[in-house]
Amino acid sequence: MPKKSYDEMTDQEKVEYHEGMQRAEKAENVGKGMQKAGGAMVGIGCLMTLFITIPIILLVLFLL
């Protein structure tokens, strides 16, 4: 089915188009939020590596 231009759409198709665009915007906002949360998790993982894993490895090396 070929795409119609906006002017060629019926009123029902225009409503469906706008609903789809709203869903797409919501999904994009959710994706941005998830990306922001993921960035924070990366920071937490880095801090855990610095303050927990590395000192444990150093302790084990010095005790052996």
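Counted within 6.0 Å of CE on M48, heavy atoms from surrounding residues, nucleotides or ligands total 12 or fewer; the atom is thus considered open. In the displayed structure, D11 atom CG is contacted under 6.0 Å by at most 12 heavy atoms of other residues, nucleotides or ligands.
V60 and F62 sit in two unconnected hydrophobic clusters of ILVMFWY residues. Membership requires side-chain heavy atoms under 4.5 Å apart, directly or through other members. Hydrophobic clustering of Ile, Leu, Val, Met, Phe, Trp and Tyr side chains at less than 4.5 Å, counting indirect connections, unites L58 with L50.
Rounding to the nearest 0.5 angstrom, the gap separating the CD1 atom in I52 from the CD1 atom in I57 is 12.0 Å. Rounded to the nearest 0.5 Å, atoms CD (Q22) and NE2 (H18) are 8.5 Å apart.
Nearest heavy atoms, E8 versus E13: O-OE1, 4.5 Å. Shown here for K14 and Y6, the closest heavy-atom pair between the two residues is CE-O, 3.2 Å.
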